[in-house]
Amino acid sequence: MKNTLDEKKVRALALGCSYEIHTVDETDSTNNRLKELARNGAKGGYLLATAHQTAGRGRLGRSFFSPQSGVYLSLLLRPRSDPDKTLFFTTAAAVAVCRAIEKTSKERAQIKWVNDVYIKGRKACGILTEAAISEGVTDWAVVGIGVNIAPPKGGFPEEISDRAGAIFNDGNVPKGYENRLVAQIAIELERVYSQPHEPTAGEYRERSLLIGRRITVVNGEGHTDCTAVDVDDEARLEVEYDDGRREKLFSGEVERIILE
């Protein structure tokens, strides 16, 4: 499968969304392009989407596999908010992507803390938020989203094949679906960013893939097995260790879900 985005169609499908939507055939990274625009004074609400990235990036400096069987988009925000609220841009985006997937397909989407969207136990989307702080507030934030619509030709690379998935794992993608998905994500992003934080935090919690499950967490203390107990309104993951001690994590990564 090889996706191609049509800017006019995406805009038409996103009718009513106030974002300034643009598409390109290919770019190194939509986040890179929007960060450059942000530094040059671009207004918030600029959304750039592509069907192919040559240098996509994920969290912790990792590369982000970006074949032409997915879509990749970034949104520029000008929030002028407390830097402590930056994580909300990521968690709200995860909720928006879940809604968009469910409204354009028959699949149920869940969230693996903090920034991954899963379908049928496999990662179908990753989210990366990058921001700039000026005079004690967030001057701009760029929210990058990459979604696997179908598996790439030849399958996913070996290093991610055990966890990577797509919306249509059988490869049977409806014609023009990539345009519909980008348009619906744009619509849902505007909705989550225009409403109070609390309802979105509640939905994020409801969609959690982890609550009640045994997991392995990686942070400054190394690799630790524990049980995911809850996700609070600040998107911190509450875990319980084997000795009964509980902790709320605001950073780190869930390396795996332990199957017992």
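These numbers come from the heavy atoms of this one structure, side chains and all, not from hydrogens, waters or symmetry mates. Computed from a predicted model, the values in this text were never measured in an experiment.
- Looking at R39 and D139, no side-chain N of the basic residue comes within less than 4.0 Å of a carboxylate O on the acidic one, giving no salt bridge.
- Smallest separation of non-hydrogen atoms from A183 and L13: CB-CB, 3.5 Å.
- Within a 6.0 Å radius of CG in D170, other residues, nucleotides and ligands contribute more than 12 heavy atoms.
- Transitive grouping of hydrophobic side chains (ILVMFWY, heavy atoms separated by less than 4.5 Å) brings I21 and V143 into a common cluster.
- In this structure, R122 contributes its side chain and A164 its backbone to a donor-acceptor pair below 3.5 Å.
- Taken together through direct or relayed side-chain contacts under 4.5 Å among Ile, Leu, Val, Met, Phe, Trp and Tyr, V192 and V182 form part of one hydrophobic cluster.
- We find that K43 and E20 are not joined by a salt bridge, their nearest charged nitrogen and carboxylate oxygen being 4.0 Å or further apart.
- A distance of 10.5 Å separates CD1 in I149 from CZ in R180, rounded to the nearest 0.5 Å.
- I145 CD1 to T30 OG1: the interatomic distance, rounded to the nearest 0.5 Å, is 9.0 Å.
- Here the CD atom belonging to E238 is positioned 9.5 Å from the CG atom belonging to L249, to the nearest 0.5 angstrom.
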- [ ] For the pair I185 and L189, evaluate side chain to side chain contact (heavy atoms under 4.5 Å, CB included) and give the outcome as yes or no after the intermediate values.
- [x] CA-CA 6 Å; I185 290 175; L189 284 172; 3.8 Å; yes

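- Across R256, E253, H223, a single residue satisfies side-chain hydrogen bond (donor to acceptor under 3.5 Å, both in side chains) together with T216, and that is R256.
- Between D233 and R205, at least one side-chain nitrogen of the basic residue sits less than 4.0 Å from a carboxylate oxygen of the acidic one, meeting the salt-bridge criterion.
- N179 places a side-chain N or O within 3.5 Å of a backbone atom of D6 that can act as its donor or acceptor partner.
- Applying side-chain contact (heavy atoms from CB on, under 4.5 Å) to I111 and the options S208, C98, C125 leaves one that passes, C98.
- With values rounded to the nearest 0.5 angstrom, L237 atom CG is found 5.5 Å from W113 atom CH2.
- In this structure, V114 is a member of the same hydrophobic cluster as V231, with clusters built from ILVMFWY side-chain heavy atoms closer than 4.5 Å.
- Side-chain atoms of I215 and C226, non-hydrogen and from C-beta on, do get closer than 4.5 Å to each other.
- V71 and Y118 fall within a single hydrophobic cluster, where Ile, Leu, Val, Met, Phe, Trp and Tyr are joined by side-chain heavy atoms under 4.5 Å apart, directly or via other members.
- The backbone N or O of E247 sits nowhere less than 3.5 Å from a side-chain atom of R236 that would complete a donor-acceptor pair.
- Note: H22 and Y46 have parallel aromatic rings, judged against thresholds of 30 and 60 degrees for the angle between ring planes.
- Across V218 and E255, no two heavy atoms sit closer than the pair CG2-CB, 3.5 Å.
- Side-chain contact check for R99 versus R207: some heavy-atom pair is nearer than 4.5 Å.
- Two residues are said to be in side-chain contact when any heavy atoms from C-beta on lie closer than 4.5 Å; P83 and T138 meet this criterion.
- K103 NZ: more than 12 foreign heavy atoms inside a 6.0 Å radius.
- Crowding of E159 atom CD: a count of heavy atoms from other residues, nucleotides or ligands under 6.0 Å exceeding 12.
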Task: CA sep, side-chain torsions, deciding dist, call: Q195, T200, side chain to side chain donor-acceptor pair (under 3.5 Å) - done: CA-CA 8 Å; Q195 69 180 30; T200 304; 2.7 Å; yes

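- A donor-acceptor contact shorter than 3.5 Å is absent between the side chain of E26 and the backbone of H52.
- Looking only at distances, no side-chain donor or acceptor of T50 sits under 3.5 Å from a matching main-chain atom of Y72.
- Salt bridge annotation for K248-E234: absent, with no cationic side-chain nitrogen under 4.0 angstrom from a carboxylate oxygen.
- Side chains of K112 and L210 form a contact here, defined as non-hydrogen atoms less than 4.5 Å apart.
- Inspection of the Y241 and T224 side chains reveals no N or O donor paired with an N or O acceptor under 3.5 Å.
- What you find for G144 and S74 is that their closest heavy atoms are CA-OG, 3.6 Å.
- Heavy-atom minimum distance, I167 versus E107: O-CG, 3.5 Å.
- Residues S194 and R191 share a closest heavy-atom pair of OG-O, 3.0 Å.
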TODO: Go through I211 and D230 one step at a time and tell me if the side chain to side chain contact (heavy atoms under 4.5 Å, CB included) criterion holds.
DONE: CA-CA 6 Å; I211 294 176; D230 197 6; 3.9 Å; yes

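- Within 6.0 Å of atom CZ in R108, 12 or fewer heavy atoms from other residues, nucleotides or ligands are found, so the atom counts as exposed in its surroundings.
- Considering every non-hydrogen atom in both G165 and F156, the closest pair reads O-CZ, 3.6 Å.
- In this structure, CZ on F89 lies 15.5 Å from CG on N115, to the nearest 0.5 angstrom.
- Cluster membership for L76 and L87, using ILVMFWY side-chain heavy atoms within less than 4.5 angstrom, is not shared.
- Residues Y193 and P79 form no side-chain contact, since every pair of their non-hydrogen atoms from C-beta on lies 4.5 Å or further apart.
- Rounded to the nearest 0.5 Å, atoms CD (E130) and OG1 (T90) are 10.0 Å apart.
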